[in-house]
Undergrad: 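One structure coming up, written as structure tokens, with questions to follow.
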Amino acid sequence: MTTTTVKAYGAVDATGPLVALTIERREVGPHDVLIDIDYAGICHSDIHTIRGDWGPITYPQVVGHEIVGRVAAIGSAVTRHRVGDLVGVGCQSNSCGECAQCLQGHDQYCLRGNTQTYNSIDPADGTITQGGYSQAVVTNEDYVLAIPAGLDPAKTAPLLCAGITTYSPLRHWNVGPGTRVGVVGMGGLGHMGVKFAAALGADVTVLSRGTAKREDALTFGAHRYVDTTDREAMRELRGGLDLIINTVSAGIDIRAYLSLLDIDGTLVVVGAPAEPFSVPAFSLIPARRSIAGSTTGSITEIQEMLDFCAENGIHPETELVSADQINDAWERVLSADVRYRFVIDTKTL
Ligand code: NAP
Ligand code: ZN
């Protein structure tokens, strides 16, 4: 087997800074695409994973699941992509294709556990998958997205995770004109949730700590901004929402947010803190409320979301960083000082 050595930036343990290292990419198989990576977004999940918030992992580990680049080579049986195409890779890089969920097109909910772009066992060679903070990646063609014309490549990277993770639940819960949507936490995911909900015609309320993001929220299309530390403002909103998307990366007082839901309202958890939520029975019972979860989106849905962005001129707000700024960028994500997604210029690796 001929592997390719590429430069990357990754973790060698749970607590230290990320460092420059090299990783091996598998040989391009008949159904594989070799992608020269141009941009990789920084998702809070990258940090949770490396810091062990979701359980122990094996190091070294390179993260990054918001990847945009150009096809550099294709396997002999590839039909979906051509050399030179602008393409993307998101959170999932494979799935079994045979289970009930995969057969219904829900590959992100593969019953055997889909192959994540990083920190998964690669079915192709048994190694641990390594993500996008790197120069190149080899991915099965079915999990490579075509980037529509008109999208700025650097601003497209965050759509592959932050974009689809908020678009998918908004579509699943049929958000449209008349739906009162609340978005809790306005970071990478949250700001995309606001843009999508507004573009779908919903009445959008942003729930964020303090007032620093008020102007931005309104610019992104929100109709209302509530400072979650303002008890009176939170009280006024009680029963006033149909759907809440919780994007917060830390534990929150879920009771306070459930009380904002009207009858039959749903709070969708997409933020994935290490700590469990505490949900009192009587925060759900009196208004037949639901609490739900959602992960990313299927490959078909990601393609639909990319097309939706191209048609509606939607893009994330990004700040381009070089490799030597990644550790600082992580610190800024942890202190919610990101406006609103860092994207690594992988040429600087
Ligand atoms: P992010 O950019 O750091 O945004 C998280 C936001 O949460 C912050 O901007 C902040 O919003 C709020 N927040 C942070 N700490 C908080 C605290 N202690 N108390 C209250 N609010 C706090 O992160 P992200 O990349 O958007 O990811 C958000 C979460 O979603 C992470 O847990 C990530 O792992 C998860 N995620 C899940 C999926 C999925 O498939 N379900 C996919 C991607 C990411 P304000 O400053 O506005 O209050
Ligand atoms: Zn992510």
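We use all heavy atoms of the structure for the numbers below, so side chains are in, but hydrogens, waters and symmetry mates are not. Owing to the predicted nature of the structure, the values given are computational and were not obtained by experimental measurement.
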Undergrad: Hydrophobic side-chain clustering at under 4.5 Å (ILVMFWY, transitive links): who's grouped with W54? Put none if nobody.
TA: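 ILVMFWY cluster around W54 holds nothing else.
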Undergrad: Do M192 and L145 land in one hydrophobic cluster if side-chain heavy atoms of ILVMFWY residues count as linked below 4.5 Å?
TA: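 Yes.
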Undergrad: Taking side chain as C-beta onward, heavy atoms only, is L237 less than 4.5 Å from T205?
TA: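 When only atoms from C-beta onward are counted, T205 and L237 do touch, with a gap below 4.5 Å.
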Undergrad: Do E317 and K195 meet the salt-bridge criterion of a basic N to acidic O distance under 4.0 Å?
TA: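 Judged by the 4.0 Å cut-off on N to carboxylate O distance, K195 and E317 do form a salt bridge.
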Undergrad: Taking the six-membered ring for Trp, is the centroid-to-centroid distance between Y118 and Y133 below 6.0 Å?
TA: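 No.
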Undergrad: Taking the side chain as every heavy atom from C-beta outward, state whether M234 and V226 have any pair of such atoms under 4.5 Å apart.
TA: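 Of all side-chain heavy-atom pairs linking V226 with M234, at least one is under 4.5 Å.
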Undergrad: I'd like to know if R209 pairs up with D227 as an ion pair, taking the criterion as any Lys NZ or Arg NE/NH1/NH2 lying under 4.0 Å from an Asp or Glu carboxylate oxygen.
TA: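 Looking at D227 together with R209, the answer is no, because their closest N to O distance does not fall below 4.0 Å.
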Undergrad: Does a donor on one side chain and an acceptor on the other come within less than 3.5 Å for T117 and Y143?
TA: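 The criterion, which ignores hydrogens and geometry beyond distance, is not satisfied for Y143 and T117.
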Undergrad: Is the shortest side-chain N to carboxylate O distance from D264 to R288 below 4.0 Å?
TA: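 Answer for the salt bridge query: yes.
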Undergrad: Remaining members of Y39's ILVMFWY cluster at a side-chain heavy-atom cut-off under 4.5 Å?
TA: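 Hydrophobic cluster check, Y39: joined to L320, V343.
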Undergrad: Do side-chain atoms of E301 reach the backbone of S298 as a donor and acceptor pair under 3.5 angstrom?
TA: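 A pair under 3.5 Å: yes.
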Undergrad: Is a side-chain donor or acceptor of R289 paired with a backbone partner of L258 at a separation under 3.5 angstrom?
TA: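 Flag set: sc R289 to bb L258 pair under 3.5 Å.
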Undergrad: So, using ring pair (Phe, Tyr, Trp, His ring centres under 6.0 Å) as the criterion, who are the partners of H315 when residues are at least two apart?
TA: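 Ring pair (Phe, Tyr, Trp, His ring centres under 6.0 Å) list for H315, sorted by chain: empty.
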Undergrad: Taking all non-hydrogen atoms of both residues into account, name the closest pair between K213 and A336 and its distance.
TA: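 Taking every non-hydrogen atom into account, NZ-O, 4.2 Å.
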Undergrad: Quickly, which of R339, K155, R341, R332 forms a salt bridge (charged side-chain N to carboxylate O under 4.0 Å, His left out) with E319? Name it, please.
TA: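 The option that passes is R332.
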Undergrad: Distance only, no hydrogens: is a donor on one side chain within 3.5 Å (strictly under) of an acceptor on the other, for R214 and S208?
TA: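 No donor-acceptor contact under 3.5 Å links the two side chains.
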